[in-house]
Amino acid sequence: MTNKEIARPLKETAALLELTGGNPFRARAFANAARTIERMDERLSEQTDVTEIQGIGKGLASQIAEILERGSFDVRDDLLGSIPPGIMDVLKVKGLGAKKARVLWKSLGIQTLDELEAAALAGRIADLDGFGARSQESILENIVLLRSYMGRRRLADAAPFLPYITSELEGYTTRVTGDARRHLNDVERLDLLVETDDGDIPGRLMWLMDAETGEEHGLRWVEGTIEGGMTVRLTACVPSDAGRALAITTGPAAFAEKLARTPPSDSEQDAFKEAGLTWIDPGLRDMDGAVDRTDALASLHLVTVEDLHGCLHNHSTYSDGAHTLKEMADACRSRGYSYLGICDHSQSLKVANGMDVKTVKRQQAEIKALNEAYALDGGPEFKIFSGVESDILNDGSLDYEEEVLASFDFIVASVHTGFNMSEAAATERLVTAIKNPYTSILGHPTGRLILRREGYPIDHEAVLQACAAHGVAIELNANPWRLDLDWTWVERARQLGVPVSINPDAHAIDQIDLTAWGVRAARKGGLQVPECLNALSLAEFTAWIARS
DNA sequence: CCTGGGTCCAGGAGTTGCTAATAAGCAAC
């Protein structure tokens, strides 16, 4: 069980206590403990003496033990049982926290998302204390968004179900197909192709809950849910047609329709040939007009994790990271990278312990000392670059005086505040930051969180044009919650010659490996090795940041 | 619920700014 999974029920309990009008300090204690556990570098287990952690005493210790044992604890279960279940959905509406949800519940009896919507539509919310016409309107807007997220999962949250599904299908040859094989950002269900003797669905495959069957392109499927609420579709095929069936079920529709008209084949490559297409990487099949240009797409030399030499945009204990600078650097080096860009938060972002100028100097001194040690220790070539994730302030300026900005090797500029700007204002803000001569990389360009937050609206074309004009790279933030720049804009970045930097934005050692999600997204947009900033060698990257 | 001194109970809250309200809740990593 990860620390995050332990923290979740604690966090939820804090909200439940607020919602039910419990002692606010008690709620705060749960929230504090959750945050502390989330931020710890050491993973909690039954053996950990959690009472040694500041903010966790006897009570929380026994509750954490309960979570480790069964994923929940009595206090949480009792609280959950004491409220109408739909209120947890109301809490997910952006702009509504426990306090406001409680007011809605107690004064208007709102217990579900539907009731909330009805009350807002009837104009009954605007009159409540603490609410107004604007918040009533924003509730309606955010319900629409929330509904569009429901039933979907970020790919990284869906993928962990795969080992369980394949273990249930032991004895069958199975392959992941569908949206997950094409590496979409988020999926509604997981698709697997299962080879069976006769192409029919044997009874063994009917273990899915609420199973329904059907047929598509002549292939029979069974669809249902598994524990955890994940929707799964198993499509059956005979082994001699497995290649064609894989191509059809992988999709998208334009490919499926063409491939469905080809004769059976056990090879996906051959099936493509029969359809008059050249085989391409599944991720590429969503690109604009992909089905009409498979020849060109097949010739792309897509970037892989192994092509990356640098790991840029990472955090350490100098701001809100869990591991020290040296721990992060050693972890990067042991993964075979030859350079690390450390980019802790800048001074304005207090919530992430952003670095004041003194801290910056201290970090730069440590970087210098570590680099000297790395140069002498006889190990593989390795260098730490002194960077910063500078906040882009409201007016588009960076977060330090010029002399401090000049002291960094490179700068990732990102927006973390004021997400409610108009598209014109947000674009202008980014373009101003891009024009700043100290900006090297534009970080997570829209600020979106997949299935959670839309981010600020931007004119991608104008932003990419500005990057091209000012020699600024654009980040493809590899965190599976972000994947921002979205893959749909990678091709335009390539056309304009804007380097794409695949950055894990790691706040702990194991998050360095999130890079793989970014690489999948980059490949989906056709990114090739020379077009990827951190595929540059150490010498090339050194030259890149030194360019005028 | 935790901490800390009063060893049972008082007093407590990662910070700051925005939003949309007219005081306080929410969101940013």
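Below, read A as the first sequence line, B as the second, and so on, with proteins coming before strands; counting in each chain starts at 1. As the structure is a computational prediction, the values presented were derived from the model and not from experiment.
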(message) Please confirm whether the ring centroid of A/H315 lies under 6.0 Å from the ring centroid of A/H323.
(response)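 So the answer is no for these two rings.
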
(request) Have a look at A/L10 and say if it touches a base, only the backbone sugar-phosphate, or nothing, with a 4.0 Å heavy-atom cut-off. (result)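 Since no nucleic acid heavy atom lies under 4.0 Å of A/L10, the category is nothing.
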
Between [N] ([atom2]) and [X] ([atom1]): distance, integer Å:
{"X": "A/I56", "N": "B/dG4", "atom1": "CD1", "atom2": "C1'", "answer": "18 Å"}
{"X": "A/D399", "N": "B/dT16", "atom1": "CG", "atom2": "P", "answer": "14 Å"}
{"X": "A/R28", "N": "B/dA13", "atom1": "CZ", "atom2": "P", "answer": "10 Å"}
{"X": "A/D356", "N": "B/dT15", "atom1": "CG", "atom2": "P", "answer": "15 Å"}
{"X": "A/I53", "N": "B/dC1", "atom1": "CD1", "atom2": "P", "answer": "17 Å"}
{"X": "A/K58", "N": "B/dC8", "atom1": "NZ", "atom2": "P", "answer": "12 Å"}
{"X": "A/R76", "N": "B/dC1", "atom1": "CZ", "atom2": "C1'", "answer": "18 Å"}

(message) Assess, by modelled atom type and distance only, whether the side chains of A/S72 and A/D77 contain a donor and an acceptor separated by less than 3.5 Å.
(response)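 Yes, because at least one side-chain N or O of A/S72 sits under 3.5 Å from a partner of the opposite role on A/D77.
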
(message) I'd like to know if the side chain of A/T446 pairs up with that of A/D484 as donor and acceptor (distance under 3.5 Å, no hydrogens or angles considered).
(response)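 The criterion, which ignores hydrogens and geometry beyond distance, is satisfied for A/D484 and A/T446.
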
Could you work out the separation of [N] and [M] based on their [atom1] atoms and round it to a whole Å?
{"N": "B/dA28", "M": "B/dA23", "atom1": "P", "value": "26 Å"}
{"N": "B/dC9", "M": "B/dC18", "atom1": "C1'", "value": "38 Å"}
{"N": "B/dG5", "M": "B/dG12", "atom1": "C1'", "value": "14 Å"}
{"N": "B/dG14", "M": "B/dA20", "atom1": "C1'", "value": "25 Å"}
{"N": "B/dA13", "M": "B/dC2", "atom1": "C1'", "value": "12 Å"}
{"N": "B/dG25", "M": "B/dA21", "atom1": "C1'", "value": "10 Å"}
{"N": "B/dT3", "M": "B/dC8", "atom1": "C1'", "value": "13 Å"}
{"N": "B/dA10", "M": "B/dT15", "atom1": "C1'", "value": "26 Å"}

Does the ring of [Y] carry [X] above it, NZ/CZ under 6.0 angstrom from centre and within 45° of its axis?
{"X": "A/K383", "Y": "A/Y374", "answer": "no"}
{"X": "A/R154", "Y": "A/W481", "answer": "yes"}
{"X": "A/R520", "Y": "A/W517", "answer": "yes"}

(request) Using a 4.0 Å heavy-atom cut-off, write out nucleotides 17-29 of chain B from 5' to 3' as B (base contacted by protein), S (sugar-phosphate only) or - (no contact). (result) -SSSSS--SSSBB

(message) I'd like to know if A/E137 pairs up with A/R134 as an ion pair, taking the criterion as any Lys NZ or Arg NE/NH1/NH2 lying under 4.0 Å from an Asp or Glu carboxylate oxygen.
(response)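 Judged by the 4.0 Å cut-off on N to carboxylate O distance, A/E137 and A/R134 do form a salt bridge.
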
